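The residues of the chain are indexed from 1 along the displayed sequence. What you see is a predicted model, and the numbers here were worked out from it, not measured in a lab.
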Amino acid sequence: MGAIQNKLAGPVTDELALVQAAKRGDDSAFEELVRRYDRNVFRIAQHITQNREDAEDVVQEAFLKAYGNLAQFQEQSKFYTWLVRIAVNEALMKLRRRKPERTVSLDEDIKTEDDSLPREIADWSPNPEQQYTQAELREILSKTIQGLPPGFRTVFVLRDVEGLSTEETAAALELSVPAVKSRLLRARLQLRERLSRYFQRREPGNGKGGSRGDDVKNTDVASGDGNQ
């Protein structure tokens, strides 16, 4: 128990001090928390909703709810993890209100051990870094992430884009750690497969026309997300 407390005491001391000050009525402390995390929350919300306006609404609602329920935050985890959970719930509600979709279990027929799914997919050839600038690669990756099913996309963004630990991601999404690992593996495999297919389509001499962005979009549509 002491080891856990020591682990938490380091990186979250400053954050907890702000939270405790905000609980005592110091609005400037909460404003500092907003300044510290609003961009991160916005990125997460935009990845989930894929809409800037909706993402801005999510950020506003998330911070309002966090402020209104600050007394309920028990300080047993990072404030940021708690805030992300609120933001993810708000973003997913936006998606559900936008267009009802058929309910699909993301975890059915999946074992939670990492070795239950194939670890490798064919290597990219040629090396994408030899053909594309870093800006182009970021744009391709961003568009490909958007094509993932929301449940996989959310786990991937929190874990691999925002850098939350597996445990923090599980806490933010109210999932078990094995479920997070399973979804993350599925997301990574789908992402690599789609990117591999995209770069193969862009190989010289393949006779494919159209813009790079169109190719990513077409690849996503062809993948059949509804069956995942």
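Counted by atom type alone, Ser28 and Asp26 present one or more donor-acceptor pairs between their side chains at under 3.5 Å. Checked by atom type, the side-chain pair Asp57/Gln60 shows no donor-acceptor distance below 3.5 Å. Counted by atom type alone, Glu32 and Tyr37 present zero donor-acceptor pairs between their side chains at under 3.5 Å.
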**Message:** Run Asp14 and Arg36 through side chain to side chain contact (heavy atoms under 4.5 Å, CB included) and show every step you take.
**Reply:** CA-CA 12 Å; Asp14 182 44; Arg36 183 174 295 191; 2.6 Å; yes

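Under the 4.5 Å side-chain heavy-atom criterion for Ile, Leu, Val, Met, Phe, Trp and Tyr, Leu16 and Val34 are members of the same hydrophobic cluster. Tyr67 and Val41 fall within a single hydrophobic cluster, where Ile, Leu, Val, Met, Phe, Trp and Tyr are joined by side-chain heavy atoms under 4.5 Å apart, directly or via other members.
A side chain to side chain donor-acceptor pair (under 3.5 Å) with Glu168 is found for exactly one of Lys78, Arg159, Arg85, namely Lys78.
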Give the table of side-chain donor-acceptor pairs shorter than 3.5 Å for residues 17-24, with sequence neighbours excluded, one pair per line with atom names and distance.
| from | atom 1 | to | atom 2 | distance (Å) |
| --- | --- | --- | --- | --- |
| Gln20 | NE2 | Glu75 | OE1 | 3.1 |
| Lys23 | NZ | Phe73 | O | 2.6 |
| Lys23 | NZ | Glu75 | OE2 | 3.1 |

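At a threshold of 4.0 Å, the pair Lys94-Glu90 does not count as salt-bridged, since none of the basic side-chain nitrogens sits closer than that to a carboxylate oxygen.
With hydrogens and angles disregarded, no donor-acceptor distance shorter than 3.5 Å links the side chain of Arg35 to the backbone of Phe30. A donor-acceptor contact shorter than 3.5 Å is absent between the side chain of Gln146 and the backbone of Gln50.
Closest non-hydrogen pair, Val59 versus Phe42, comes out as CG2-CA, 3.5 Å.
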